[in-house]
Amino acid sequence: MENQSFELRAKQAKKLVRRELRVLSDSKKAVEMARYMKSAMPFYGVQKPDRIPILKQLSRDYAPTCQSEYIKIVETLWDGDHREERYLALDYAQKFVRFADGSSLPLFEHMIRSGAWWDFIDPIASALVGSVLRSERDSVAAVLNKWIEDEDLWIRRTAILSQLKHKKATDRTMLFEFCLKTMHEREFFIRKAIGWALREYSYSEPEAVKEFLLANKNELSPLSFREGAKHLLKSGLLK
């Protein structure tokens, strides 16, 4: 009965989201947004500021009561037909991320593989997977060590970016290992992720990042090195 209740509430939440997005839909903006995101998945044409009231109503009327309901609502919203439905699924998932734990990883993996583009993957990596990693480091790190070897570039990108918000709590060994394992790839989104992850960590541990960059300068792509060194160059720690 409880699962049926969760499923019903998830369907009602999805109905709310679709109804409000349709009211605000703008066909001209929809075309522009799809062109900008290079997306085959259609848009309603509802930009982020106009989605905020929808998220507030969704969060008020359908706040999860437990982890199982959280997963069901996020999953149901995510598997919509338009990109804004997925954006709202992500916003909802982040707002109630306290309900996420290691058992949420299959859902997040599904979102990564089916999303397969940076606008979805980056918040999943930093705000969702990263949050669970912070609270369950050993078990989640074991999963990420498999993800970094995955054939799906977005799964690998997620592994690299999973510690973006960890600052001094970053597992330095894991971050550097992930960079070393992927630094020879030619894929832009992997090279960019390496640089981004190193740059973020350089704000907390500049000397460690400096040492890593200099030791691997000839192996890192110019993009990864340039992005990773931005803060160090600006602050005069690297010349």
Side-chain angles (χ1 to χ4, degrees), residues 90 93-94 97-98 100-102 104-105 108-109 111-113 115-239:
L90 275 175
Q94 291 176 66
V97 72
R98 65 183 180 275
D101 60 19
S104 308
L105 289 179
F108 298 156
E109 181 177 353
M111 293 164 72
I112 296 163
R113 293 188 188 278
W117 200 236
W118 63 267
D119 58 330
F120 293 144
I121 274 56
D122 294 355
I124 295 172
S126 61
L128 300 180
V129 175
S131 177
V132 178
L133 173 61
R134 189 191 294 270
S135 59
E136 300 179 30
R137 188 164 293 277
D138 290 345
S139 60
V140 178
V143 174
L144 295 178
N145 276 303
K146 295 179 181 177
W147 283 13
I148 199 64
E149 306 281 357
D150 200 277
E151 292 183 358
D152 189 324
L153 77 92
W154 301 107
I155 292 288
R156 299 196 305 279
R157 181 175 168 96
T158 298
I160 296 167
L161 297 179
S162 61
Q163 299 189 87
L164 275 183
K165 299 181 179 181
H166 289 200
K167 299 181 179 180
K168 285 187 176 293
T170 296
D171 182 334
R172 180 187 307 180
T173 300
M174 185 169 74
L175 172 61
F176 289 167
E177 282 183 357
F178 286 1
C179 292
L180 290 171
K181 285 184 176 182
T182 54
M183 67 182 180
H184 297 104
E185 294 190 33
R186 301 183 64 83
E187 171 57 55
F188 169 82
F189 287 104
I190 295 298
R191 291 182 168 187
K192 187 78 170 182
I194 292 170
W196 185 9
L198 292 173
R199 185 177 73 249
E200 284 299 307
Y201 189 42
S202 74
Y203 291 112
S204 301
E205 298 290 352
E207 289 300 327
V209 175
K210 176 183 176 180
E211 182 179 347
F212 180 84
L213 286 170
L214 293 178
N216 297 283
K217 185 174 183 179
N218 294 332
E219 301 296 326
L220 288 163
S221 71
L223 173 60
S224 296
F225 186 90
R226 184 172 64 251
E227 289 293 318
K230 274 185 177 179
H231 171 64
L232 299 175
L233 290 167
K234 187 177 181 179
S235 59
L237 295 172
L238 187 63
K239 297 180 180 180

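These figures come from a predicted structure and were not determined experimentally.
Here the shortest heavy-atom pairing between Leu90 and Pro123 reads CD1-CG, 3.9 Å. Leu153 approaches Ile190 most closely through the heavy-atom pair O-CD1, 3.5 Å. Scanning both residues, Ser202 and Arg199, for their nearest heavy atoms gives OG-O, 2.6 Å. Taking each heavy atom of Phe108 and Ala100 in turn, the nearest pair found is CZ-CB, 3.9 Å. Across Val209 and Gly228, no two heavy atoms sit closer than the pair CG1-O, 4.2 Å. Closest of all the heavy-atom pairs between Arg137 and Ala169 is NH2-O, 3.3 Å.
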Below 3.5 Å, can you tabulate the donor-acceptor pairs from side chains in residues 127-136 to any protein atom, sequence neighbours excluded?
| residue | atom | partner | partner atom | Å |
| --- | --- | --- | --- | --- |
| Arg134 | NH2 | Lys165 | O | 2.7 |
| Ser135 | OG | Val132 | O | 3.2 |
| Glu136 | OE1 | Gly102 | N | 3.2 |
| Glu136 | OE2 | Gly102 | N | 3.1 |

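With sequence neighbours excluded, no residue satisfies side-chain hydrogen bond (donor to acceptor under 3.5 Å, both in side chains) with Glu177. Remark: Glu185 pairs with Arg156 by the side-chain hydrogen bond (donor to acceptor under 3.5 Å, both in side chains) rule, at least two apart or across chains. When the salt bridge (Lys or Arg N to Asp or Glu O under 4.0 Å) test is applied to Asp150, the partners found at least two apart in sequence or on another chain are Arg113. Partners of Phe176 by ring pair (Phe, Tyr, Trp, His ring centres under 6.0 Å), not counting sequence neighbours, listed by chain and number: Phe212. The salt bridge (Lys or Arg N to Asp or Glu O under 4.0 Å) check on Lys181 picks up Glu149, with sequence neighbours excluded. In this structure Lys168 satisfies the side-chain hydrogen bond (donor to acceptor under 3.5 Å, both in side chains) test together with Glu205, sequence neighbours excluded. Lys210 pairs by the salt bridge (Lys or Arg N to Asp or Glu O under 4.0 Å) definition with nothing, not counting sequence neighbours. Under the side-chain hydrogen bond (donor to acceptor under 3.5 Å, both in side chains) criterion, Ser224 pairs with Ser221, not counting sequence neighbours.
Considering only heavy atoms from C-beta on, Ile112 comes within 4.5 Å of Trp147 through its side chain. Phe178 is listed as a side-chain neighbour of Leu144, based on a closest heavy-atom distance under 4.5 Å. Put simply, the side chain of Glu200 does not reach to within 4.5 Å of the side chain of Leu161, judged on heavy atoms. For the pair Ile194/Cys179, a side-chain contact is recorded, criterion being any heavy-atom separation below 4.5 Å from C-beta on.
Under a cut-off of 6.0 angstrom, the local environment of CD in Glu187 is crowded, with over 12 non-hydrogen atoms contributed by other residues, nucleotides or ligands.
Screening residues 115-125 for side-chain hydrogen bond (donor to acceptor under 3.5 Å, both in side chains) gives Arg83-Asp119, Tyr87-Asp119, Asp122-Arg157 as the qualifying pairs, with residues at least two apart or on separate chains. Legend: ring-ring contact (aromatic ring centres under 6.0 Å, His included) pairs involving residues 220-239, not counting sequence neighbours, sorted by first then second residue: Tyr203-His231. For residues 123-142, no residue pair satisfies the ring-ring contact (aromatic ring centres under 6.0 Å, His included) rule, not counting sequence neighbours.
Here the straight-line distance linking atom CE of Met183 with atom CD of Glu219 works out to 5.0 Å at 0.5 Å rounding. To the nearest 0.5 angstrom, Thr182 atom OG1 is 5.0 Å from Ile148 atom CD1. Here the CZ atom belonging to Arg226 is positioned 13.5 Å from the CG atom belonging to Leu198, to the nearest 0.5 angstrom. To the nearest 0.5 angstrom, Lys192 atom NZ is 5.5 Å from Leu223 atom CG. With values rounded to the nearest 0.5 angstrom, Leu232 atom CG is found 8.0 Å from Glu207 atom CD.
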### Query
So Glu109 and Ile155, side-chain contact (heavy atoms from CB on, under 4.5 Å) or not? Walk me through it.
CA-CA 8 Å; Glu109 181 177 353; Ile155 292 288; 3.9 Å; yes

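Residue Tyr201 forms a side chain to side chain donor-acceptor pair (under 3.5 Å) with just one option from Lys167, Gln163, His166, Arg172, and that option is Arg172.
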